[in-house]
Number of protein chains: 2
Amino acid sequence: MHKKIADEDLLGEKFLSNISVDIVIFGFHNRQLKILLLRFKNTSLYALPGGFINEEEEDIEEAVERVLTERTGIKDIYLEQFGVFGSKKRAFGATHKHIHESAGKTTELNPWITQRFVTVGYYALVNLKETVPNPDDVSDFCGWIDINEIPTLAFDHKSIIEKALESLRMMLDLKLAVFNLMPESFTMNDLQSLYETILGKKLQRTNFQRKMLSLGILERLDKHWTGGAHKAAYLYRFDKNKYNEMQKEEMNTNKF
Amino acid sequence: MHKKIADEDLLGEKFLSNISVDIVIFGFHNRQLKILLLRFKNTSLYALPGGFINEEEEDIEEAVERVLTERTGIKDIYLEQFGVFGSKKRAFGATHKHIHESAGKTTELNPWITQRFVTVGYYALVNLKETVPNPDDVSDFCGWIDINEIPTLAFDHKSIIEKALESLRMMLDLKLAVFNLMPESFTMNDLQSLYETILGKKLQRTNFQRKMLSLGILERLDKHWTGGAHKAAYLYRFDKNKYNEMQKEEMNTNKF
DNA sequence: TCAAAAGTGTTAGCGCTACACCCATGT
DNA sequence: ACATGGGTGTAGCGCTAACACTTTTGA
């Protein structure tokens, strides 16, 4: 079979060798924590969105932002680097060969892809509703999958996701980045279910409410929610201005 | 000038491209927190110990362990990965050229070294007294330097050290790895000065004592210390067995 | 006897946990 | 009326900061 040389077959010409990035993109919808996964063409193999770093033009983080925009259509996303995966077992030449062949490509023209990669893991927190998932050229599916229903993953992506979740869990009370996952307005119960999913345990409703309100960064909206056979819940909004002010004050007080 | 091809001129043949590791090795002596630095031959440029990853034989961490043993002579060291530095400005070809030429080498035979590197940062916590610092082949000095007297550093190593310190500060109360920096036996005051140096602030003597003792991992030795015009202080020993038991119990209780 | 450093006691305040209580709403 | 979920009050507990007090030692 004869193939033309496509742009992507020249990857190796312009990207850093031996290094890739993989991104665990978290979203939250219907009280479920989800991540964005790709499925390789004509296989049942899923994988994290990822990519390579332009040798002359990109910081690692810029490469991650590029990939994020390619897969989700959005920009200015909360990003956090959570680890590097550099096991010598990370030489997935055979798998890459299989993936490319299933997609109707060949790795022979570009053996670059079959080398050993050290990958840098980032996680991203996005407002799921703003995204438009978009597969890459070796995938036929790109979409949100519940964190509790992760299918079989290629490479070592399963353990990368676990590390990302652990990392997210750790920073939960340190930073308030988790609000990047929420829509414009939400109820306390929504927020609590997000915390519970991330922490993997139930929290006490009444104390959770107080804790969140005491942060001083939630604006209570007059609007109510009308639903079932019970009292209407307030909607809340994350107040970025108050948050920024708090950060400033913290900077000042910590100096002494 | 004609040069023979030395082993190290063939680096590029066997190491991963575009990736390096740099290690911030912390030690503690005379109530001072120190790090191990190298000075390049015939220059006044200092740098962190670092190296590259064997393409076929080494995990990243194994490469780090190899470099650590080469520079300090010891093994089984506490290690923690704290970040990746991947700015596109990290292309230090000119500096590398200068360093190699000052050391009487040339980079012409091995331009590999002048490429752009993404570096993975690790910090190590060692018992300084057990180490025998040992320069590499482009350095004429390898030794311990007080964290408050860091000289001019090559590349972006200054900011790598700052990130390492910040990382160390963060984990101080989460893990108890800091005891890897202490000698076999020590006084409370020694330990307190270590904490104070890492945190960059004074702590209250009496409360620090209680906090440390309440951890339940210090064994009080009967021996006393005889020194100045004051009451003799107890010596303490880090009890690794008690620590391991505690970790086990924590694992069990956290499950529920 | 006095200064310096080591060790212990005591208190107030703060945050977290658990649980009791009241409110609003649809069936 | 009552079940369901939303919102507030409060007592107890543990941790911490702050500081007073005692002990040991050499000058």
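Hydrogens, waters and symmetry mates play no part in the numbers below; they use all other heavy atoms, side chains included. Note that the coordinates shown come from a computational prediction; the quantities given were computed from them, not determined experimentally. Every chain is numbered from 1, with letters handed out A, B, ... down the list of sequences.
- Rounded to whole Å, atom P of C:dA18 lies 11 Å from atom CG of A:L203.
- When the side-chain nitrogen and oxygen atoms of A:Q209 are compared with OP1 and OP2 of D:dT8, one or more of them lie within a distance under 4.0 Å.
- Atom pair A:Q192:CD and D:dG7:C1' shows a separation of 13 Å (rounding to whole Å applied).
- The nearest whole Å value for the distance from the CG atom in B:L215 to the P atom in D:dG14 is 17 Å.
- One interatomic measurement links the two molecules: CZ of B:F186 to P of C:dA6, which rounds to 15 Å at whole-angstrom precision.
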At under 4.0 Å between heavy atoms, how does the protein contact nucleotides 19-24 of chain C? Give one character per nucleotide, 5' to 3', with B, S or -. BB--BB
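- Annotation: side-chain contact (heavy atoms from CB on, under 4.5 Å) contacts of A:D59 (sequence neighbours excluded): A:E62, B:S87, B:K88.
- For residues 60-81 of chain A, there are no ring pair (Phe, Tyr, Trp, His ring centres under 6.0 Å) pairs, not counting sequence neighbours.
- Contacts classified as salt bridge (charged side-chain N to carboxylate O under 4.0 Å, His left out) and involving residues 167-185 of chain A (residues at least two apart or in different chains) are given here: A:E80-A:K175, A:D173-A:K211, A:E184-A:R237.
- Between the CE atom of A:M212 and the P atom of C:dG15 there is a distance of 15 Å, rounded to whole Å.
- The nearest whole Å value for the distance from the CG atom in B:L235 to the P atom in C:dA6 is 12 Å.
- Scanning for side-chain contact (heavy atoms from CB on, under 4.5 Å) contacts around B:S193 gives B:F28, B:R31, with sequence neighbours left out.
- Between A:Y46 and A:F141, the ring planes are perpendicular. Angles over 60° get that label, and only those under 30° would be called parallel.
- Distance B:F208 CZ to C:dA5 C1': 16 Å, rounded to the nearest Å.
- With sequence neighbours excluded, the residues that form a side-chain contact (heavy atoms from CB on, under 4.5 Å) with A:T131 are A:T72, A:I74, A:V126, A:P133, A:W144.
- The interatomic distance linking A:L213 (CG) with D:dG9 (C1') rounds to 15 Å, in whole Å.
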